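This report refers to the structure that appears directly beneath it.
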Amino acid sequence: MQRIRSAIFTVFAILVAGATVLFAASVGLAIAGILAVLALGSMLAGKLQPAPVRATARCRKAAPGGREPRIWNDGRGTIIDL
C-alpha cells in the first residue's frame with residue numbers, strides 16, 4: 001500500500017511540475033510577444049514623424065548687410081533669422 005501511495009504522489013508531483021513549467025513558458029511567450037509588438041510600434045512611430053522642412057525666403061532686395069534672411073522650420077516652429 002505504501003508503494004502505491006508513493007507512486008501516485010510521484011506522478012502527481014511530476015504533473016504539477018509539468019503544468020507549472022507549461023504555465024511559465026506560456027506567460028514568457030506572451031510577455032515576449034507584447035514587447036515585440038511595442039518595439040515594432042515604437043520603430044514605426046519614429047519613421048512616420050515628419051522631417052523638418054527647410055524653407056528659404058526669396059526676396060528681390062537683399063537684407064541690410066547684404067544677406068538674405070534665413071527662414072527654416074525645426075519641427076517645433078518657424079525660425080526667421082534676419
Side-chain angles (χ1 to χ4, degrees):
M1 186 69 179
Q2 186 68 22
R3 289 181 133 179
I4 295 173
R5 188 181 308 162
S6 177
I8 290 173
F9 281 147
T10 302
V11 169
F12 181 72
I14 290 172
L15 288 175
V16 169
T20 304
V21 167
L22 185 65
F23 176 74
S26 65
V27 169
L29 284 175
I31 290 173
I34 290 170
L35 289 176
V37 167
L38 289 176
L40 183 66
S42 175
M43 183 179 67
L44 288 177
K47 286 187 176 185
L48 293 177
Q49 288 183 350
V53 177
R54 183 162 176 81
T56 58
R58 303 281 183 225
C59 61
R60 293 188 179 153
K61 289 196 271 181
R67 272 188 20 198
E68 177 178 298
R70 294 185 305 152
I71 302 171
W72 70 93
N73 187 348
D74 66 350
R76 292 177 289 180
T78 302
I79 300 171
I80 302 172
D81 184 16
L82 296 176

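Note that the structure is a prediction, hence the values are computed from the model and not measured.
- Note: T10 OG1 to R5 CZ = 12.5 Å, rounded to the nearest 0.5 Å.
- With hydrophobic clusters built from ILVMFWY side chains whose heavy atoms lie under 4.5 angstrom apart, L35 shares a cluster with V27.
- Annotation: side-chain contact (heavy atoms from CB on, under 4.5 Å) contacts of V16 (sequence neighbours excluded): F12, T20.
- Here R76 pairs with D74 under the salt bridge (Lys or Arg N to Asp or Glu O under 4.0 Å) rule; sequence neighbours left out.
- Within a 6.0 Å radius of CD1 in I4, other residues, nucleotides and ligands contribute 12 heavy atoms or fewer.
- Under the side-chain contact (heavy atoms from CB on, under 4.5 Å) criterion, S42 pairs with no residue, sequence neighbours left out.
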